[in-house]
Structures are given as structure tokens and as C-alpha cells.
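The block underneath contains the structure these notes are about, expressed in C-alpha cells.
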Amino acid sequence: MPSGCGASDPLLPSMADGTAAAAAPVDHRGRPALRSATGGWRSALFIIAVEIAERFSFYGVSANLITYLTGPLGEGNAAAAAAINAWNGVSQVLPLLGAALADSWLGRYRTILLASLLYILGLGMLSFSTLLSSGSDQCTSSSGKPCRPSTLQVAFFYVSLYMVAVAQGGHKPCVQAFGADQFDPTDPEESVSRSSFFNWWYFGMCAGTAVTLVLLSYIQDNIGWGLGFGIPCVVMSCALAVFLFGTRTYRYYVSGSKKGMLSRAAEALAEWQSRRKTSPLPPPASQECHGPATPAPREFSTRVDEDEQEVVRDGSLVEQAKDVVRLFPIWATCLIYAVAFAQSSTFFTKQAATLDRRVGDRLNVPPAALQSFISITIVVFIPIYDRIIVPLARRYSGVPSGITMLQRIGTGMVLSLVSMVVAALVESRRLAVARDAGLVDKPSVPVPMSLWWMVPQYVLFGAADVFTMVGLQEFFYDQVPDKLRSLGLALYLSIFGVGSFISSALVSGINQVTAARGDSWFSNNLNRAHLDYFYWLLAALSALELLAYGYFSVTFKYKNKGALR
């Protein structure tokens, strides 16, 4: 069974420098793991609990971040959205580095442990940074507007924020692969459980996210940002305790190699280049036709034997590289999906803030809380998908998981396209209602339009995630070489990192072009902005992406027939 990012056992020196391989699992003492005492759902539940807490903490920061940036930090809509997209991009790309470091040096368990400690530190600093900027909320400038925080205060905030990004870069790729590694794919029963694990993993993660979006967004908007960022710090501390508590139940995978993925790849490349330079030319054709061949010198024969051994030893690295490269078309054709996904925590939230958010006489729904409909949809739909849709589809397709991984991903991409069309139509109506009510130049006055108009686009996003997000996780875990499965999950995360960078570049570029001609599409006064145009653009790009994805998914060949699940 693979391990990729999890080469070592918890803290034992005898296992600390191993790398993941398809080897027999061991327990926390380095002894052969007993199936009755380690792994399975018992161990996986500890890790799922840790992931729920980590997602609670991460979304406790990211979900309502645009409100903090445009509020206490005084940034404009376009600048805040670009900053959030850039931060999200770093958060989702860093897992590539985290997976590589874990595979080459730390091992999966230690990486999760150290990333959790860094998480706690970063969240604590983030909570403290709000105290530094709280004085500016009570200060007013000569123009009557709140004073902006000092450069030092803003810098401390962003250092804390990016510390959280670095922590997620080590935590995210290892913890999910570590959970999947608790199931043995060679055992028929555990193999089925591992496929189901990805569904229930996402279910638990989104259940925690739903609570986060409702609870913390209310606290941040109505009580204080210090407490709103401080609670995730406490939750992450509890997650670390839970992770350590399950240490004795985990399965760990080791290999005899003491070299990490990066060092092995570098040595293979150097050896290949050396062989190209020193390989002798073939004998002239005339020698092949006249008389017996002259025996090669002994030292030459020895060198050839050594080269053949190196080819055998390093050939697997070349094959592993090919197996990863062949996933690139699927990776690339999912980027626009990630761009669309990035809007749910930025412009969707700013739109919701302009609507009538009253429920009853006293409750005013926080704008970021609407994102909980994504998580609620996932929590409701995953059991339906896992227990009803999959068995029904299995009867007709013969595929154990009902539909293939690529079919599942494509279905979610279609739903994402529909979501962007719905978002564009709803925003067009919001602008029309604002014009009819005479509120074009009154951005602080709520538009007489219910927030429930925005719920369908969130629900569609949630349904899309059940298909695409979970499908991508399983696809990149299953289709990379066994030794690189944590890197595979990091590649999945990097889709959303690069997508966030693309979104940031699009927002910045469109803002500059449209602001030069009049009102920006992302004007601070959303009643004069044109987010509907931006959503139509993303819908068109999603359609083009879907066509390209369809071509590459049809021509893609799974690494084994059993992968069609």
C-alpha cells in the first residue's frame, strides 16, 4: 500500500527517514501491524475528526475574510478579492511543497504534527492582530471616515494570514492520504471501504464547514473579530490532541530506502544525463558483416552491466514521472472550475451584504453565512449519492462506484456552469431592483430583494462539489504511482490554488480595464458594478473548459482496469 507523504511512523528514529512504498504496514512501535488492532474505520475516524476541525479553522478565517478586508482594513472590493484569491492560491499550491518535504524527509505523521503546531501559532497571531487594528475602528480622519490601520498592523495581519497558508500546505495533502492509507486496497472489504471513505471524508469536512459559516460569521460580524479568529485557534488545539490520541491505532508504511522522492528524482536525472554523455557509439556497419565480433574490453563490459543495473533501478522513476505527466490535461481542464469556485467566498458574499437579510423581527443573517448552503447541500446529498445513486448506477454500468471518476468530475463541472448562469441572472435582477428603487447611488441602503434569491447558486455549487471535488480527490489519489499518492492529492489541491491565482489576475485586469472606461465591474458601489458581466464571462469559459475536458476524459486511459470505480 502506498504512502507518498507518510513515510515514517510517529516519532521513532528507526522509521523517521523512511519513505512510503508498497510495503507491509507497521504499528506505532514499528512492528507488523495487526489488522484487528490497527487501521480501518476506527483509525480513519480519528483523522476525519482532525480534518473537520482543520476545515472549521481554515474556513473560520477564509469564509468571511472579504468582510474584514473591506471593513477594518479598509480595502476596496477589487483589491480585497484579488488579495483573498492570491492567499487562497498560495494555500492550495503549497501542498505540493508540503507533500514533497514529507515524502523526502519528515514523513506523513510528523508533517501533520508540525503543521498543526504552526496552524495554532498562526491562528493565535491572527487573533492578536485584530487587537492591534481595533483602535483604528474608533478613530476617524478629518474626512469623517474611519482611520486605516498602520502599515505595521496590516503587515502583521498578512504575516499571520500567510502563516496559516503555510500550515495548511503541510497539513492538507498528508492528512487525507494518511486517512486513506488506513484501508488496505488488497483486501476486498477494505478496498470498498476506502472508496466510500472519500465520500464520508467530504461529508464530515462539509458538516464542520457548515457550522463554521453560520457560527463564526455571526460572531465576527456582531461580537468581534478577535473572538472570531480566536475560536479556530482553540479548535485546532483540540484537533491536535485528537490526532495524538489515535497514534496507537494508525497504520504506517515504510520502505528500505533512506532517500526521499526529490533526491531520488535528482539522482535519476543526473545518472540519465551521465549515461547519455558516456554511452559508446554502436560499431560500424562493416564490422557487423565481416567475421566474428571482437570481445569488448572487461572494463567496458563492467560499465555496461552497471549501467543496466542503474537503468533498472531508475527506470521506475521515469515511469512514475510519465504517470504523473499524463494527468496534466485533466488537471488543466479543471482550472476554470476552480476560478468559478473562488467567487463563492468573495463576490457572492459582497452581493449578499447588499440584500434584505432579515429573518423575522430580530435576526439579520450574516452575508458569509449563506455559504453554509454549499456545505448543507453536500451533507444532505452525499448520503443520497453514496447509498442510493451509486447502487442504482452500479446495476447499469457494472462499475463498483456507479460511474467512473472522470464521469463524476464532468457531472460536477456541468453543475458549476449552471451555477454561474444562475448567479449572472440573479445579479442582473439585483441591479434592476436597485435601479427601480432609486438606490444606485445609495450602496449602504439594503436593496429590497430577499437574500433567498441567492440560495440556488449556492446549492448548485454544493451539488457540483459532491461530484467534482470528491471525484478529483479520488482520481488524483488513485491514478498517481503508489509511492506518490500524497503528491497526487497535492496536485488536486493545486488546481484550486492555480485557479485562485487566475481569478486574482482576472479580477485585477478587468478592474483596471473597466475602471478606465467608467464604472468598474467590481466597483465598491456594487449597485454601479457589473458582477453579472463577470459571471457571464466565467460561464462562457466554463463551457469551453467543459468541451476540452470532455475530449481528454474520453481519451484518458486509467492505469488499471480496477480504477474504473
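The distance between the ring centers of Trp41 and Phe183 falls below 6.0 angstrom. Proximity of the aromatic rings of Phe58 and Trp87 is defined here by a centroid distance below 6.0 angstrom, and this criterion is met. Aromatic rings from Tyr250 and Phe178 are positioned such that their centres are separated by under 6.0 Å.
Using a distance-only test at 3.5 Å, with no hydrogens or angles considered, a donor-acceptor pair links the side chain of Asn85 to the main chain of Ala81. Side chain of Ser43 to backbone of Thr249: a donor-acceptor contact under 3.5 angstrom is found. At distances below 3.5 Å, not a single donor-acceptor pair connects side-chain atoms of Asp221 with backbone N or O atoms of Ile223. Judged purely by atom type and a 3.5 angstrom limit, Ser127 has no side-chain atom pairing as donor or acceptor with the backbone of Leu123. A distance-only check finds no donor-acceptor pair linking the side chain of Ser416 to the backbone of Gly412 [under 3.5 Å]. A donor-acceptor contact shorter than 3.5 Å links the side chain of Ser419 to the backbone of Gln457. A distance-only check finds no donor-acceptor pair linking the side chain of Arg357 to the backbone of Pro446 [under 3.5 Å]. Distance alone, capped at 3.5 Å, places no donor-acceptor pair between the Ser504 side chain and the Phe501 backbone. Of the possible polar contacts, one joining the Thr468 side chain to the Met413 backbone as a donor-acceptor pair under 3.5 Å is found. Side chain of Trp331 to backbone of Tyr492: no donor-acceptor contact under 3.5 angstrom is found.
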Go through it in stages, so that I can follow the logic: the residues are Asp356 and Ser450, the test is side-chain contact (heavy atoms from CB on, under 4.5 Å), and I'd like the CA-CA distance, side-chain angles, deciding distance and then a yes or no.
CA-CA 5 Å; Asp356 182 0; Ser450 173; 5.6 Å; no

Please lay out, stage by stage, how Glu54 and Tyr119 fare under the test side chain to side chain donor-acceptor pair (under 3.5 Å).
CA-CA 9 Å; Glu54 188 272 337; Tyr119 236 129; 2.5 Å; yes

Apply side-chain contact (heavy atoms from CB on, under 4.5 Å) to Met125 and Phe156, showing your working.
CA-CA 8 Å; Met125 290 174 59; Phe156 186 83; 4.0 Å; yes

From CA spacing to verdict: side-chain contact (heavy atoms from CB on, under 4.5 Å), Val93, Phe496
CA-CA 8 Å; Val93 169; Phe496 297 91; over 6 Å; no

Quick one, Phe476 with Ile495, criterion side-chain contact (heavy atoms from CB on, under 4.5 Å). Give me CA distance, side-chain angles, the key distance, then yes/no.
CA-CA 11 Å; Phe476 280 96; Ile495 291 173; 3.8 Å; yes

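One distance of note links CG of Leu65 with CG of Leu161; it measures 5.5 Å at 0.5 Å rounding. Note: Leu117 CG to Ser237 OG = 9.0 Å, rounded to the nearest 0.5 Å. Atom CE in Met454 sits 6.5 Å away from atom CG in Leu355 (nearest 0.5 Å). Note that the OG atom of Ser57 and the CG atom of Leu126 stand 11.5 Å from one another [nearest 0.5 Å]. Note that CD of Glu75 and CG of Leu69 are 5.0 Å apart. Values are rounded to the nearest 0.5 Å. Considering CD of Gln153 and CG of Leu131, their distance stands at 11.0 Å, rounded to 0.5 Å.
Checked by atom type, the side-chain pair Tyr109/Thr247 shows a donor-acceptor distance below 3.5 Å. A donor atom on one side chain and an acceptor atom on the other are found under 3.5 Å apart for Tyr337 and Asp465. No hydrogens or angles considered: a donor-acceptor pair under 3.5 Å links the side chains of Asn64 and Thr67. No side-chain donor-acceptor contact under 3.5 Å links Ser160 and Ser129. Defined by atom type and a distance below 3.5 Å, a donor-acceptor pair is present between the side-chain atoms of Ser503 and Gln343.
Residues Phe348 and Leu370 fail the side-chain proximity criterion, which asks for heavy atoms closer than 4.5 Å. When side chains are defined from C-beta on, Tyr218 does not count as touching Val365, because their heavy atoms never get closer than 4.5 Å. Tyr385 has its side chain out of reach of Val470: every pair of non-hydrogen atoms, C-beta onward, lies at least 4.5 Å apart. Between Met420 and Phe461 the shortest side-chain heavy-atom distance falls below 4.5 Å. Inter-residue side-chain proximity for Gln92 and Gln168 is flagged as met; some heavy-atom pair is nearer than 4.5 Å. With contacts defined as side-chain heavy-atom distances shorter than 4.5 Å, the pair Val50/His171 qualifies. Side-chain contact between Leu406 and Ile409: present, with at least one pair of heavy atoms (C-beta onward) separated by less than 4.5 Å. Two residues are said to be in side-chain contact when any heavy atoms from C-beta on lie closer than 4.5 Å; Tyr458 and Thr377 fail this criterion.
Minimum interatomic distance between Cys174 and Thr111 (heavy atoms only, all atoms of both residues): SG-CG2, 3.8 Å. When all heavy atoms are compared, the tightest approach of Tyr162 to Val90 is CE2-CG2, 3.8 Å. When all heavy atoms of Ser116 and Met236 are compared, the pair lying nearest together is OG-CE, 4.0 Å. The shortest heavy-atom contact between Ala165 and Leu94 is O-CD1, 3.8 Å. Between Thr349 and Ser344 the shortest heavy-atom distance is OG1-O, 3.7 Å. Pro456 and Val422 make their closest contact through CB-CG1, 4.3 Å (heavy atoms, listed as atom of the first residue, atom of the second, distance).
Using bins of under 30°, 30° to 60° and over 60° for the plane-to-plane angle, the ring pair Phe157/Phe229 lands in the tilted bin. Between Phe381 and Phe467, the angle of the ring planes lies from 30° to 60°, which puts this pair in the tilted group.
The environment of CZ in Arg358 is sparse: at most 12 heavy-atom neighbours from other residues, nucleotides or ligands sit within 6.0 Å.
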